[in-house]
Amino acid sequence: MPVTGIELSQPMIDRLRAKADEATIPVVVGDMATATAPGTYALVYLVYNTISNLLAQAEQVACFRNAARHLAPGGRFVIELWVPELRKLPPGQQATVWQSEPGYIGLDTYDVLLQQVVSHHFRFGESDEARLFRSPHRYIWPAELDLMAQLAGFELESRHADWAGGAFTAESRSHVSVYRLPTEAR
């Protein structure tokens with residue numbers, strides 16, 4: 001079964017190349033919302049919150065449409081995505097701490113009007129200085145994700161809280177959603 005990656009970041013491609021060569025896993029350099037890989041596939045997947053790296057709703061919709069263009073009839077688009085923890089935000093507060101352990105603090109700052117979040121990763125060593133890494137995201141509610149899928153011609157096949165198939169509930173912090181293209185044209 002052929003596998004092809006789409007990746008925008010050259011450093012990420014370099015990391016992949018340390019594990020697998022171009023013949024084993026070819027990579028198209030480009031944006032997941034617009035890049036075209038050769039061939040037709042049975043599966044397209046975005047794991048570990050990847051779709052939230054697209055910072056505008058229109059880009060996220062374009063990503064669904066691009067996935068559909070790459071799939072054969074009956075093909076599946078699988079997305080692993082976190083659920084925003086807005087219920088933890090008291091009125092007037094803009095941040096939540098999602099992980100705190102010795103040497104590390106992870107927190108998210110939200111702009112609820114624009115559905116934007118910045119994840120802040122603070123790492124502490126033996127010195128008095130901390131290292132900070134930030135990553136911006138556009139969060140997507142499961143219902144909004146389903147509408148994006150519908151606009152691209154997909155149907156929701158299943159949704160679970162995790163890769164083990166746990167039930168997705170109102171308390172779930174993430175989900176794995178499987179969308180499927182119809183097997184024949186409508």
Side-chain angles (χ1 to χ4, degrees), residues 5-13 15 27-37 43-71 76-99 104-123 132-163 168-181:
I6 294 177
E7 178 57 56
L8 186 60
S9 166
Q10 188 60 51
M12 289 300 288
I13 295 170
R15 289 188 73 175
V27 175
V28 173
V29 178
D31 185 299
M32 66 185 137
T34 58
T36 302
L43 174 68
V44 171
Y45 62 90
L46 296 175
V47 297
Y48 203 65
N49 308 319
T50 304
I51 195 166
S52 70
N53 291 321
L54 297 170
L55 300 179
Q57 184 183 58
E59 292 173 327
Q60 293 169 340
V61 171
C63 184
F64 269 89
R65 289 184 173 139
N66 197 29
R69 279 192 294 275
H70 285 86
L71 288 169
R76 289 171 174 83
F77 185 27
V78 178
I79 295 178
E80 176 188 24
L81 188 60
W82 58 284
V83 177
E85 298 193 76
L86 296 182
R87 292 187 300 174
K88 291 185 175 181
L89 282 177
Q93 186 174 325
Q94 296 177 329
T96 61
V97 174
W98 48 270
Q99 188 172 352
Y104 179 80
I105 296 173
L107 66 94
D108 288 335
T109 54
Y110 289 88
D111 180 333
V112 295
L113 184 62
L114 298 176
Q115 277 183 239
Q116 300 287 318
V117 62
V118 177
S119 291
H120 305 264
H121 305 268
F122 297 91
R123 297 197 185 282
L132 170 61
F133 172 75
R134 292 185 179 113
S135 59
H137 303 273
R138 180 182 184 275
Y139 59 85
I140 313 164
W141 295 105
E144 182 184 12
L145 202 68
D146 294 348
L147 183 57
M148 290 178 186
Q150 183 182 0
L151 291 171
F154 289 100
E155 298 170 351
L156 178 65
E157 184 173 83
S158 65
R159 176 170 289 131
H160 298 284
D162 52 39
W163 290 104
F168 180 73
T169 69
E171 302 306 314
S172 297
R173 295 185 65 194
S174 64
H175 59 90
V176 177
S177 296
V178 179
Y179 297 98
R180 187 168 189 244
L181 284 179

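Remember, it's a predicted structure, so these values are computed and weren't measured experimentally. Residue numbers run from 1 in the order of the sequence given.
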Test F77 against L43 for side chain to side chain contact (heavy atoms under 4.5 Å, CB included), laying out the working first. CA-CA 6 Å; F77 185 27; L43 174 68; over 6 Å; no
Between Y45 and I79, does the side chain to side chain contact (heavy atoms under 4.5 Å, CB included) criterion hold? Intermediate values first, please. CA-CA 6 Å; Y45 62 90; I79 295 178; over 6 Å; no
Take T96 and D108 through the side chain to side chain donor-acceptor pair (under 3.5 Å) test and state the conclusion after the steps. CA-CA 5 Å; T96 61; D108 288 335; 4.7 Å; no
For I6 and V27: C-alpha separation, side-chain torsions, deciding distance, then whether side chain to side chain contact (heavy atoms under 4.5 Å, CB included) applies. CA-CA 5 Å; I6 294 177; V27 175; over 6 Å; no
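When side chains are defined from C-beta on, V176 counts as touching V78, because their heavy atoms get closer than 4.5 Å. Counting only heavy atoms from C-beta outward, the side chains of N66 and M32 never approach each other to under 4.5 Å. The side-chain heavy atoms of E80 and Y48, taken from C-beta on, include a pair separated by under 4.5 Å. In this structure, the side chains of L71 and V44 come closer than 4.5 Å at one or more pairs of heavy atoms. In this structure, L107 and Q99 have side chains that are not in contact, with every pair of non-hydrogen atoms separated by 4.5 Å or more. Contact check for L81 versus I140: side-chain heavy atoms found under the 4.5 Å cut-off. Using a 4.5 Å heavy-atom threshold, the side chains of H175 and H160 count as separate. Contact annotation: the side chain of D146 approaches that of R159 to within less than 4.5 Å [non-hydrogen atoms, C-beta and beyond].
No side-chain donor-acceptor contact under 3.5 Å links W141 and Q115.
Taking every heavy atom of both residues into account, Y139 and P84 meet most closely at CD1-CG, 3.4 Å. When every heavy atom of R134 is checked against every heavy atom of V118, the shortest pair comes out as CB-CG1, 4.0 Å. For the residue pair A152 and A68, the shortest heavy atom distance occurs at O-CB, 3.7 Å. Taking every heavy atom of both residues into account, L156 and S177 meet most closely at CD1-CB, 4.3 Å.
In this structure, W98 and H121 have perpendicular ring planes: the angle between them is above 60°, well past the 30° mark. Using cut-offs of 30° and 60° for the angle between ring planes, the W82 and H137 rings count as perpendicular.
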Name each donor-acceptor pair under 3.5 Å that joins a side chain in residues 56-65 to protein atoms two or more places apart or in another chain, with its distance.
from, atom 1, to, atom 2, distance (Å)
Q57, NE2, E144, OE2, 2.6
E59, OE1, L55, N, 3.0
E59, OE1, A56, N, 3.2
Q60, OE1, R138, NH1, 2.7
Q60, NE2, L54, O, 3.0
Q60, NE2, R138, O, 3.3

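In this structure, CG on D31 lies 4.5 Å from OG1 on T34, to the nearest 0.5 angstrom. One distance of note links CZ of F133 with NE2 of H120; it measures 11.5 Å at 0.5 Å rounding. Taking CD of Q116 as the start and OG of S52 as the end, the distance is 10.0 Å to the nearest 0.5 Å. Note: Q94 CD to L89 CG = 8.5 Å, rounded to the nearest 0.5 Å.
The neighbour count for E85 CD, taken as heavy atoms of other residues, nucleotides or ligands under 6.0 Å away, is above 12. The number of heavy atoms from other shown groups lying within 6.0 Å of OH (Y104) is above 12.
In this structure E157 satisfies the side-chain hydrogen bond (donor to acceptor under 3.5 Å, both in side chains) test together with R76, sequence neighbours excluded.
With hydrogens and angles disregarded, a donor-acceptor distance shorter than 3.5 Å links the side chain of D111 to the backbone of L114.
E7 and R15 are not joined by a salt bridge, as no carboxylate oxygen comes within less than 4.0 angstrom of a charged side-chain nitrogen.
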